[in-house]
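Counting starts at 1 for both ligands and their atoms, following the listed order.
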Amino acid sequence: MSLTAGLTAPTADSAVPALLENGPIAIGARTIPTRYFLAPLAGYTHLAFRRVLRELGGLGLATTDLVHATMLVSGKRKSLELIETHPADTPLSVQIYSGVREHVVTAAKWLEDRGYRGVDINMGCPMAKVTGSGGGARLMCDPDGACRLVADTVAAVKIPVTVKMRLGWDRNTITAPALAREFEAAGVAAITIHGRTRSQGFRGTVDLDGIRDVVAAVDAIPVIGNGDVVTVADAIRMREYTGCDAVAIGRGALLDPWMFRRLGAWHEGADAEFTPTPEDQVRFLRRHLELMWEQHGDYSCLMFRKFAAWYGARLGIPEDLEDRLRRFTSREEFDGIAAEVAERHGQREMTVATALIRVPNGPVEHW
Ligand SMILES: Cc1cc2nc3c(=O)[nH]c(=O)nc-3n(C[C@H](O)[C@H](O)[C@H](O)COP(=O)(O)O)c2cc1C
């Protein structure tokens, strides 16, 4: 698979158009070093994954998994775990959700008081357990309520407040452009827009025209495009076509953890299609587990499983070892598997992942 099909890397003679700079970007008073962000993927984008990606280079802003505002403030262990961070885990925003305005406001303030530097409000989650209580994408159905929630949150904190949303609830209610304009007026520092509606779930392809309409709707704040970016060419195309200021990559970062580094290389006119050495790939595998272990100890054996299918194909791990990565029960066992991977690396076709991230399926009404 070519990551840059149809693209020419910029060179000193062919400067990157201003539109496509990879230079720092301001999100409120924060300066984010690159234009390629990590989109939150609940269950994946934990501290360890964020750190191991940052170590590869090129990643701008990362955001935590979505955290329930009320659970967070009441100190629920699971929520506190989700916001755990580290000096190397910067810049970071914490994503919160709730349908209750006061809860979002309180959680934002709570985060600011504890030194967090950015809050992102989730208005895109399609899952019934989130939308059922008025949160996630459901907020987009109540523009007045959503605007009050956002305005009150912005007023309560000094740190930048951002919003991540979808195009609308369904294709008959495309509310994102109007909401983006309102949110900007309310003082939001940036908008991330996933180019699908809630009814679409994860089906179909991302609607670049929909993202472009959101870019056109705001005056000055950055718009971060999101959806289906799995290659360098996808990211550049999204920026060129929509004019978005940055791109958030979710599943693409699992398919290829070097994606952010590749994008940085592309902007520098360097080789974006480099192949990480076998040593780099095994180091990445070990490092991810090591960082996970720092935070979760033995529980990492379970947590790591869902990464095995992604990494198996990407990191040249023979199928039998990928299978063992789904079943290991101790650190010693993992270390043994990693050593075997190092010995037998590449005894497998570099194919696409054997199992894609599980997204909810069936009728979206039942999610
Ligand atoms: C397993 C999974 C978990 C997700 N969790 C979140 C989340 O916690 N917060 C959020 O705003 N979006 C979440 N999303 C949506 C992604 O951030 C992103 O908008 C979507 O996957 C499209 O981008 P991608 O094609 O780059 O993955 C999730 C998506 C998936 C597949």
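When non-hydrogen atoms are compared, ligand 1 lies under 4.0 Å from the backbone of L66 as well as from its side chain. Both the backbone and the side chain of D228 come within 4.0 Å of ligand 1, counting heavy atoms alone. Residue R196 does not touch ligand 1, judged by heavy-atom distances below 4.0 Å.
No side-chain N or O of E102 forms a donor-acceptor pair with one of T106 less than 3.5 Å apart. A donor-acceptor contact closer than 3.5 angstrom is absent between the side chains of Y44 and D65. Donor-acceptor pairing under 3.5 Å is recorded for the side chains of Y36 and R239. Looking at R117 and T90, their side chains never bring a donor and an acceptor atom within 3.5 Å of each other.
Ligand 1 has at least one atom lying under 4.0 Å from a heavy atom of G227. Between F202 and ligand 1 there is a heavy-atom distance shorter than 4.0 Å.
Comparing heavy-atom distances from atom 24 (P) of ligand 1 across R251, M123, K306 singles out R251 as nearest. Atom 7 (C) of ligand 1 has its nearest heavy-atom neighbour, among P40, G250, G124, G252, in P40. Closest to atom 3 (C) of ligand 1 by heavy atom, among A42, A137, C125, A248, is A42.
Not counting sequence neighbours, D219 has no partner by the salt bridge (charged side-chain N to carboxylate O under 4.0 Å, His left out) test. Take F284 and apply the ring-ring contact (aromatic ring centres under 6.0 Å, His included) test, not counting sequence neighbours, and it matches W258, Y311.
Atoms of ligand 1 found under 4.0 Å from any heavy atom of A39, numbered from 1 in the order shown, are 17 (O).
The aromatic rings of H194 and F202 are tilted relative to each other, their planes meeting at an angle between 30° and 60°.
Considering backbone and side-chain N/O of N122, one or more are found under 3.5 Å from N/O of ligand 1.
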